[in-house]
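To start, I am sharing the structure in question, which I have written as structure tokens.
All chains are named by letter (A, B, ...) in the order of the sequence lines, taking the proteins before the strands, and each is independently numbered beginning at 1. The figures that follow rest on heavy atoms only: side chains count, while hydrogens, waters and symmetry mates do not.
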Amino acid sequence: MTTTTPDHIALGMTDEEYDHVVEILGRTPMAAELAMYSVMWSEHCSYKSSRAHLGRFNSDQPWVVVGPGENAGVVDLGDGWLAALRIESHNHPSYVEPYEGAATGVGGILRDVFTMGARPIAVLDPLRFGPLDDPHNRYLFEGVVSGIAGYGNAVGVPTVGGEVEFADRFAKNPLVNVMALGILKREQLVLSAASGEGNVAILLGNATGRDGIGGASILASASFEEGDEAKRPNVQVGDPFEEKKLIEACLELYDRGLVVAIQDLGAAGISCATSEIAGNGGMGMDVDLDKVHLREHDMTPGEILMSESQERMLAIVTPENEPEVRALAERWEIEASSIGVVTRGPQLRVFSEGELVAEVPAASLADEAPLYHRPAERPASLDAVWADTPTVPEDIDVGDVLRILLDDPAIGDRSWISSQYDHMLFLNTVVEPGHDGSLLRIKDTNKGMALSTDGDALRTWLDPRRGAARIVFEAALNVAVTGARPYAVVDNLNFGNPEEPEVMWQFIEAVEGMAWACDELDVPVVGGNVSFYNQTDGVDIYPAPVVGMLGFCDPMPERPPRLDAAAAGMSIWVVGPDPEHDFAGSAYDRVVNGELRGRPADVDGDLGRRVVSAAATLAFEQPVLHDISTGGLAVALAEIAIRSGVGLHVDDLSPAQLLDETPLRFIIVGEGEELDSFAPVRKIGRIGGSDLDFGPSGSIPLDEAATIWRDAIPRRMA
Amino acid sequence: MTVAVVVFPGTNCEHDVVRGLATAGAEAELVWHRDTDLEGAEGVVLPGGFAHGDYLRTGAIARFSPVMAEVERMANDGLPVLGICNGFQILCEAGLLPGALVANRDLKFICRPVHLEVESTDSVLTRAATRGQVLRIPLNSYEGNYVTADVDSLEGSGNVILRYSDAGGRKRPASNPNGSTNAIAGVTNDRRNVAGLMPHPERASEAILGSDDGLVLLESFVASLELVSA
Amino acid sequence: MTHRFRVSVSRKPGLSDPEGTTTLKALQDLGFTDVSHVAFGRTIDVDLEAASGDDARLALEAMCQKLLANPVIESYTIEERP
Amino acid sequence: MTHRFRVSVSRKPGLSDPEGTTTLKALQDLGFTDVSHVAFGRTIDVDLEAASGDDARLALEAMCQKLLANPVIESYTIEERP
Ligand SMILES: Nc1ncnc2c1ncn2[C@@H]1O[C@H](COP(=O)(O)OP(=O)(O)O)[C@@H](O)[C@H]1O
Ligand SMILES: [Mg+2]
């Protein structure tokens, strides 16, 4: 007996979802229609498991121009300047092919930003891999970094920061997130809502090939399986040169006021872009697939509709402007084909060789998507984890601990990564990667923008709510120490399989923690991305929410703090609360003891606000500010000493106090004996000598510490 | 127009170079690679980036752009011609400068400040500098490794103008970032009016960017415009 | 005995080849309008000591699988060089 | 008629070949200690219309001289593909 899987099941749809399609259409869907719904209603495109919870994030601040929902969030920087920002994940593609997966991730996020009318000026790359002692993890790490470099450098957008974590559960599920920032003048803002019956939809950029059709769902489809499986690579190859031309061409289109609306082509390609742009404007569209410029000539209508070929944009223009748009495309040496016409709606109709292959209400693909309230349950095993509180012996030598911690690749020098990225292009980069936040100037103004991405998957696993809240405060502090105030957040929620109640619980808790922290800081969440199903062989990743924080200052400090600005004779202060013995998920417990246990401390929102504010103020006065995070005071001090090339003395702190990771603290190094701050402050030592000297708690020669720190990544990657 | 700054598809440092030249005292204007008339220009700069995606070979396709006939004419007329990074690679491909640039020794893109020692002040790029002066300027390239078939005759010709060094001007293996033959970072032609270098002087043209050591090079170029037109 | 091989690596069909496309266009712009297709690949010449040609070929296969080619997006052939 | 050629471009001997050097070292690190030499090259497959094989070859020569190889550092060979 043979059984055949119904098409919709093969496409990853449930019976209920299929019935809903039938109800919307009032008939059985045609093959292309079913494919369109299946991709548009996939988790990736529809956020069906997460949408119910994302409303917890607030974006109602007066400076928010465009909140979540568009291609990128947009905030007002004053004097007519706007910033657009967005974050995306490219986790699965980067595991399959690290170079191209990461490269096309950069390409995709840039399109989200220049779709808004903004010139992309910065990329950041939060990354997570398995431990570097495994050759395959090294291969993935090396490939991802060179893919980001290969695409970002060639497309001409500097990569100005990022972060990296290494842990076992990322070995078969590395995380590659990419954030992009663009700037624009207010009058250049473009949205993705088609209007004007009779307007023309022009497809710009790369030819359409069989790349990554429908990701996993469509690959399993029998209806489109006319050709050979091997003809349908699920790896997409990035072409930064095409994207560069596309950026310049689009920016000129906006400048000359030639587009009514524009939309990038991402997941589900033409079907998604045409339905979204028409649906957003309450219009319909007639699309002719014969007009699409193709890379391969024997493609089926379904393949053309669903292809995820990179570096393509869909612009809506008036018929009068069409010739000018074509001329402009020709000048920039990109292809353009007019593939559709805006109709009064609401139907999206797709034709191929004169035949109607799909006719669906344009807005239904987005608006009618399923919404799930999946069950959530706190794992009972956490009780035991929380009960096991890590302790630190009194008699350890902090010098010896530093010998271990500074060699950790997530603590040691990460310039192995950042020096492969052009991080200077456009002459904006005032504080380059390698400090806490990176600081960009806006040329010919006094304004500055600081950027930091932060995640802490292990601590978030221990307590998703606290862990997620803490990364928001850490990101805020990272931008504040450059002199900027937290201004807007984008988030990337990387989690395991949402059909598991424990994963769903982690997700809901993390959203709650993150949203709460953003509210405490009055910082709006202007966009984000959810990546579920990061699960391999039944193992879920550690929950890895990531924040991308934009800080803003006007004016910018004339001499922003730097880690390498300490000099002999300067004093060292710590601002923030006294350490509270916070070792759950700390570097000491993870790296030295090899344990993951305990419950991380909560943050006090009120104190957090004060500390962040104190940092943003003191950044205008002091040469060195550095937030205290992984590895506590000891590592933070070591970083300052190594970068400045001078030792330091800290007298009365115990090993536990030096290694504690209580949040909301930062170090100041500066001249003088007294320091005023409206947050708690205390002096702990001074700069000088050629050792990291912690008095009775231990010491290590600066040269030795520096060598260990510098070699942490290179010695593993050699 | 005083200085023409050429934009190829894929060029990305053009605005930075215009800004750097302005800081050094010259007006500059962007010209598209299909332009065929640089009559008004007293000098020309080919900025960095990835012309034609650096596909096939860096600089290989760009050298056939229509504008290159004008660049060649200006070079032959003795006007100042400068190639920075990708621009240097294009000038080498076009045969206006000796040698070629291949992948870095470690097969990694390098973006960081490096030190350069001024070896000769006899060029449009170095005339305002002093011999032996050490400059700290960012390098930003994957194919920055200078090779030439006959390095001895190049050395003998006095056409090497900049060499990688450490902060004290010493040449050690570790101070050669990319494996360039004899640590060569910049060269000129026999007539000394065409010059190219891999590091980016425009990225070191304001103190707030971490260094303004690149200004002396840009100022040399600007001074050369005046000398030629005088 | 020294055996001399050439490994030729090319991108699997169906994947886009931006280098090839760009070079095709450049050739056509230069007047070579009869060119209809350009595709890029790379060669890796490897010399190695081995007891026999068969041993050498086995080693080469292993090198290709491990390092010289990326099996996800590339295919390769191994041939002896003169 | 369509003629199918392969152009193989390699670095002239004596000039540095970082890809080759690095790959040699990587192979040795992986345990392939019998490898004594590695050199990298590029292949460019070109399809073109031409009245005869000789015409095609002449055109190919011109393409190589002009664009496909850099005579300062590279040499090339042209062969017909099946
Ligand atoms: N993947 C990466 N890409 C680019 N820069 C990175 C990356 N990882 C870390 N960095 C840079 O290294 C510096 C230190 O990073 P990190 O320790 O994560 O900062 P913090 O702990 O202050 O958040 C930052 O400037 C960061 O931008
Ligand atoms: Mg920090």
Taking every non-hydrogen atom, the tightest pair across D:P18 and B:A103: CG-O, 3.0 Å
Toward chain D, the part of B:L107 with a non-hydrogen atom under 4.5 Å: side chain
Per-residue contact mode, D:L68 against chain B (heavy atom under 4.5 angstrom): both
Contact check, side chains of B:L56 and D:I44, non-hydrogen atoms, under 4.5 Å: yes
Which portion of D:L67 sits near chain B, non-hydrogen atoms under 4.5 angstrom: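 Backbone plus side chain of D:L67, per the 4.5 Å heavy-atom cut-off to chain B.
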Could you work out all donor-acceptor pairs shorter than 3.5 Å where one atom is in chain D and the other in chain B?
from: D:L67; atom 1: O; to: B:R57; atom 2: NH1; distance (Å): 3.1
from: D:L67; atom 1: O; to: B:R57; atom 2: NH2; distance (Å): 3.1
from: D:L68; atom 1: O; to: B:R57; atom 2: NH1; distance (Å): 3.0
from: D:N70; atom 1: ND2; to: B:E93; atom 2: OE2; distance (Å): 3.2

